[in-house]
Amino acid sequence: GGGLTPGSALFRWPATSSSALAGRRVMAENSGSRISVVVPTCDHVALLRDCLRSLVGQTRPALEIIVVDNGSTDATAAIVREEFPQVRLVTEPRPGVDLARNRGLAEARGDVVAFTDDDCLAPRGWLEALGDCFSDISVACAGGPTRPVWPLPPSQALLASRRALFCLGAVDFGPARKRLDPEQEFLIGANMAVRKSLVARDFCGPQSYSPLGVCGDDYELSRRLAREHGALYEPRAYVHHRMFPPKMAWPRLLIRIFYFAAGRARLGGRLKPKRGPAELLGWEGAVSAADALGHLYGRLAESRKLRIR
């Protein structure tokens, strides 16, 4: 959605009465897997408000929506309690999106736990599309595209870098539903649902994290579940991911790529052994360098059992 902006009509949801929500929730509980939604957040109250509006307006409502406040100093708690009384607010004081997701998973009562981020917006059919995936009992994990929304036009260099877009959370594996190849494809925490019974106690084990909120837990979990059970990519289950200018700046983006590669390496990911000429020049060369350095750092941290900071 290159032409989409957060102020467009796409991002406005009709008000839904509490009685209508309660009725829909009963229908959802009686129509298959019960879905809990977990949203980790930290000091993004304006983004979170729009995210929650999209979640409470789903055609298939969640059994519950859980916001995990990961140390916010803004008005997050007050806004959730005052404007979204149907949303459950829990806190996780230890910093790190992996720890926030683990807390949400522990709190969830649903058979299926869906994760999204506070800078995402879910179209009204998102949960319905995800729920359909779990009608197949062999599916342990499911998700769909994460479509970027650019408030300001991105650079051509950014749009041309598939790896940079992946690190920003722009994921799309095509227009057809399919089983994920655990060696080539993965889901991310911005748009991912899992069977709680197969994830045990944690979203992932104690993992690395960075000051930018990149840890690789979603990467590790989706690949593990795809390998051991089965993971489904459903293009109808898409979300819009808002990409704001600070996140798009190349210095910050390269640091993000570094930490993402470090987390991936610590979780057993491999460094691509060969690079073509196009991956060694210009900004793409900088992406390759950040990726390689992050991988080496992650391997070192794992060998010494350090927590990446």
Side-chain angles (χ1 to χ4, degrees), residues 1-17 20-21 23-25 27-28 31-41 44 46-67 80 83-84 86-87 104 110 112-135 139 141-151 165-166 168-178 180 187-194 218 222 231-244 247:
L4 299 177
T5 63
S8 67
L10 176 64
F11 302 114
R12 297 182 190 137
W13 290 270
T16 306
S17 69
L21 284 173
R24 284 198 213 158
R25 190 170 293 109
M27 292 174 62
S31 62
S33 298
R34 304 182 305 162
I35 304 177
S36 299
V37 178
V38 171
V39 186
T41 191
H44 288 163
L47 296 176
L48 179 65
R49 179 189 278 119
D50 288 339
C51 174
L52 293 178
R53 286 173 179 165
S54 75
L55 293 175
V56 300
Q58 294 290 299
T59 55
R60 171 179 179 161
L63 172 68
E64 59 186 349
I65 299 170
I66 302 171
V67 168
V80 172
E83 298 186 17
F84 301 95
Q86 69 273 56
V87 171
V112 171
V113 183
F115 296 90
T116 192
D117 289 343
D118 56 15
D119 56 0
C120 290
L121 299 161
R124 287 171 57 78
W126 176 62
L127 275 183
E128 189 168 358
L130 280 179
D132 288 347
C133 295
F134 290 93
S135 61
V139 172
C141 176
T146 306
R147 298 178 178 175
V149 176
W150 310 102
L165 290 173
F166 269 137
L168 281 175
V171 172
D172 194 326
F173 294 118
R177 177 189 278 202
K178 64 177 180 177
L180 288 177
L187 300 172
I188 64 173
N191 186 6
M192 179 180 181
V194 300
D218 43 4
S222 72
L232 200 61
Y233 169 81
E234 171 51 72
R236 294 183 301 123
Y238 64 92
V239 299
H240 299 286
H241 196 176
R242 293 169 286 181
M243 306 289 185
F244 288 92
K247 184 183 282 190

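A donor-acceptor pair is defined here as one N or O able to donate and one able to accept, closer than 3.5 Å; such a pair exists between the side chain of Tyr233 and the backbone of Gly174. Of the possible donor and acceptor atoms, none in the side chain of Ser54 sits under 3.5 Å from a partner among the backbone N and O of Leu121. A donor-acceptor pair under 3.5 Å is absent between the side-chain atoms of Glu234 and the main chain of Ala176, judged by distance alone. Between the side chain of Arg124 and the backbone N or O of Gly57 there is at least one donor-acceptor pair closer than 3.5 Å.
Across Ser36 and Gly110, no two heavy atoms sit closer than the pair OG-N, 2.9 Å. Nearest heavy atoms, Pro235 versus Pro175: CG-O, 3.3 Å. Of all non-hydrogen atoms in Cys141 and Val139, the two that sit nearest each other are O-CG1, 3.3 Å. Across every non-hydrogen atom of Leu187 and Gly144, the tightest pair is CD2-N, 4.4 Å. The nearest pair of heavy atoms linking Leu168 to Met243 is O-CE, 3.2 Å. The two residues Thr116 and Cys51 have their closest heavy-atom pair at CG2-SG, 4.3 Å.
At a threshold of 4.5 Å between non-hydrogen side-chain atoms, the residues Cys120 and His240 do not count as touching. Side-chain atoms of Ile65 and Phe84, non-hydrogen and from C-beta on, never get closer than 4.5 Å to each other.
Taking the six-membered ring where tryptophan is involved, the planes of Phe173 and Phe166 are tilted, since the angle between them lies from 30° to 60°.
In summary, of the residues considered (Val38, Leu55, Leu48), a side-chain contact (heavy atoms from CB on, under 4.5 Å) with Val67 occurs for Leu48 alone. Under the salt bridge (Lys or Arg N to Asp or Glu O under 4.0 Å) rule, Arg242 has a single partner from Asp118, Asp50, Asp119, which is Asp50.
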Stepwise side-chain contact (heavy atoms from CB on, under 4.5 Å) test for Phe115 and Asp218: CA-CA 10 Å; Phe115 296 90; Asp218 43 4; over 6 Å; no

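Residues satisfying the salt bridge (charged side-chain N to carboxylate O under 4.0 Å, His left out) criterion with Asp117, sequence neighbours excluded, are Arg101.
The CG atom of Leu180 sits 7.0 Å away from the CG atom of Leu232 when rounded to the nearest 0.5 Å.
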Validation: residues 125-133 side-chain donor-acceptor distances under 3.5 Å, sequence neighbours left out:
from, atom 1, to, atom 2, distance (Å)
Trp126, NE1, Asn191, OD1, 2.8
Glu128, OE1, Thr59, OG1, 2.7
Asp132, OD2, Arg236, NH2, 3.3

